[in-house]
Amino acid sequence: MNKRIYLCLAHMSDTGMEQKYIKEAFDTNWVVPLGPNVNGFEKDLEQFVNEIKVVEPVETTLLDKRVVALSAGTAAVHLALIACGVQPGDEVLVQSFTFCASSHPITYLGATPVFIDSEADSWNMDPELLEKAIRERIEKTGRKPKAIVPVALYGMPYDIDRIMEIADRYGIPVIEDAAEGFGSRWKGQVLGTFGKYGVLSFNGNKMITTSGGGALVCPDDAEWQRIMWLATQAREAYPYYQHEAIGYNYRMSNICAGIGRGQMTVAADHIAHHRHIQQMYEEAFEKVEGITVHMAPDSRYESNFWLCTLLLDEKLHVKGEENAYGAAVSGAVGGAGGVVHASESLHTDCEPNANVEAMRVFLDQKGIEARPLWKPMHMQPVYKNAPAYTNGISENLFKRGICLPSGPMVTDEEVNYIVDNIKMALL
């Protein structure tokens, strides 16, 4: 294999629709954070998220959600928290097993994230721990948490029925972080459409991309107008610049939205491809002792399988394991958007097992990008003082898990190459 196989890279449509919309933006001089492509992309997204597919009986119904296209998924989380009234001193319940964009906006607002550990099957927010946290935070602080943020980890749906039942009973709004779950469904309904708000991401490694960008799914026209106002510097309706509240420069550019409009023409193909790659991994490792592919717990969980993930049994041995963590990582970490920042030591107090690190290094030497799972937020030094309700599941998964290439650029031949090399690495 002569080329490097990356974890998940965006793929442009074969029809060149992205170039068409971008050219229109330049030809009409709409090179700003609004314009026809932004409006068109939002309408495409609304059509996509509002469709509910019920298999038995065969039926399709429609929701009436509105969508605001934004500069990033992180911006969508931030605005949703503001819209839910989060202020300094408040608490927000958020899934621990996730990327930092789910929790950092809570701290932007001077609020405190309260981390909730995972259930074993979906790897997402544990409803039992969620309810325990709500009861104990009310008892401890005298106030309800201001919002609940479940996360569709690697595209896998969360048990939204149970989460919504708990949230509704306590009167706490839900912000669905479906940044990794674009196109994933729960019982036929698109993630991001169950709670009060839903977060989408179009980063360069997501199911579809606008190079960077995100969106917020809103419940109705009134909330859509409010989010739109906040995302455009909260300008009042005067013929001059009048500001009576703090707003943000969070709207998506017309150029990026043009890419998004083109990407929407291949969204279904991308989702189908990810699911196909997942099926190949499941079949390839079905009888390999010590390796477990993370799969959907049951038919309610319609994952897009944004990233395909494996668990390595801690007793499994991998070539080079004795040298794991023997050298510091050099270069940018996290793909093209990574930042070089020297670490103080080779180890932290919570890290993947030696066989996982050895597998990552072995695959890297074969031209295959693989990464550990997200390190739980409650184990991150920056959140060492944050309240956390844990059961050990996410920490255990982090120590044993690894992400494999699964994007639309990954071919069947490359999957076979990846599988062969993983088997080759085993002792």
Handout entry: Any side-chain heavy-atom pair of V415 and V410 under 4.5 Å
Key = yes

Handout entry: For E413, all residues meeting side chain to side chain contact (heavy atoms under 4.5 Å, CB included), sequence neighbours excluded
Key = M1, T411

Exercise for the section: In plain terms, say whether R261 and E18 are close enough for a salt bridge, that is, a side-chain N and a carboxylate O under 4.0 Å apart. Expected result: no

Exercise for the section: Taking atom types as modelled, find out whether Y158 and E176 have a side-chain donor-acceptor pair closer than 3.5 angstrom. Expected result: yes

Exercise for the section: Would you confirm whether the ring centroid of F202 sits within less than 6.0 angstrom of the ring centroid of F41? Expected result: yes

Exercise for the section: Could you verify whether a donor N or O on one side chain and an acceptor N or O on the other, from E351 and H347, lie under 3.5 Å apart? Expected result: yes

Practice task
Side-chain contact test, heavy atoms from C-beta onward, threshold under 4.5 Å: evaluate it for L310 versus T292 and give yes or no.
Solution key: no

Handout entry: No-hydrogen, no-angle side-chain donor-acceptor test under 3.5 Å, S299 and K187
Key = no

Problem - Polar contact flag, side-chain donor to acceptor under 3.5 angstrom, S394-D117 - result: yes

Practice task
With the side chain counted from C-beta on, respond yes when L397 and L311 share a heavy-atom pair under 4.5 Å apart, and no when they do not.
Solution key: yes

Practice task
Calculate, to the nearest 0.5 Å, the distance between atoms CD1 and CD1 belonging to I175 and I148 respectively.
Solution key: 10.0 Å

Handout entry: K196 side chain near V174 side chain, heavy-atom distance below 4.5 Å
Key = no

Handout entry: T390 side chain to G392 backbone, donor-acceptor under 3.5 Å
Key = no

Handout entry: Parallel, tilted or perpendicular, as decided by the 30° and 60° cut-offs, for the rings of H294 and W123
Key = parallel

Problem - Validation row: V149, Q95 side chains within 4.5 angstrom (heavy atoms) - result: no

Problem - Shortest non-hydrogen separation from P372 to P352 and the atoms involved - result: CB-CG, 3.8 Å

Handout entry: The single option from R226, R66, K65 passing salt bridge (Lys or Arg N to Asp or Glu O under 4.0 Å) against D221
Key = R66

Practice task
Measure from the side-chain N and O atoms of E91 to the backbone N and O of T112, and report whether any donor-acceptor pair falls under 3.5 Å.
Solution key: no

Exercise for the section: Examine distances only and state if a side-chain atom of H378 and a backbone atom of P387 form a donor-acceptor pair shorter than 3.5 Å. Expected result: no

Exercise for the section: Assess the side chains of N355 and E314: does a donor N or O sit below 3.5 Å from an acceptor N or O? Expected result: no

Practice task
Would you mind reporting whether V293 and T309 have side-chain heavy atoms less than 4.5 Å apart?
Solution key: no

Problem - Salt bridge present between R143 and D90 (N-O < 4.0 angstrom) - result: yes

Practice task
Answer yes or no: is there an ion pair linking D298 with R300, defined by an N-O contact shorter than 4.0 Å?
Solution key: yes

Exercise for the section: May I ask you to decide whether R275 forms a salt bridge with E302, counting only side-chain N to carboxylate O separations under 4.0 Å? Expected result: no

Exercise for the section: Mind listing the closest non-hydrogen atom pair of I172 and P145 along with its distance? Expected result: CG2-O, 3.6 Å

Handout entry: Beyond-backbone contact of M379 with E395, side-chain heavy atoms, under 4.5 angstrom
Key = yes

Handout entry: Any donor-acceptor pair under 3.5 Å from S406 side chain to H274 backbone
Key = no

Exercise for the section: Just jot down the side chain to side chain donor-acceptor pair (under 3.5 Å) partners of S102, sequence neighbours excluded, or say none. Expected result: T98, D177

Handout entry: N/O donor-acceptor pair under 3.5 Å between S118 side chain and M125 backbone
Key = no

Problem - salt_bridge(E165, R169) N-O dist < 4.0 Å - result: yes

Handout entry: Sidechain-backbone polar pair: S71 side chain, G213 backbone, donor-acceptor under 3.5 Å
Key = no

Problem - Nearest-0.5 Å distance that lies between atom SG in C8 and atom CG in L404 - result: 12.0 Å

Exercise for the section: Assess R4 against Y6: is NZ or CZ under 6.0 Å from the centre of the six-membered ring, and within 45 degrees of the ring's axis? Expected result: yes

Exercise for the section: Give a yes-or-no answer on whether the side chains of D412 and H276 include a donor-acceptor pair shorter than 3.5 Å. Expected result: yes

Exercise for the section: For the residue pair Q47 and E51, confirm or rule out a side-chain donor-acceptor distance under 3.5 Å. Expected result: no

Exercise for the section: Answer whether the closest heavy-atom distance between the side chains of Y154 and L373 falls below 4.5 Å. Expected result: yes

Exercise for the section: Taking only Lys NZ, Arg NE, NH1 and NH2, and the carboxylate oxygens of Asp or Glu, determine whether K319 and E321 approach each other closer than 4.0 Å. Expected result: no

Practice task
Sort and list the pairs that fulfil ring-ring contact (aromatic ring centres under 6.0 Å, His included) and have at least one residue in residues 63-115, not counting sequence neighbours.
Solution key: H78-Y108, H78-Y248, H78-Y250, F99-W374, H104-Y383, F115-Y383

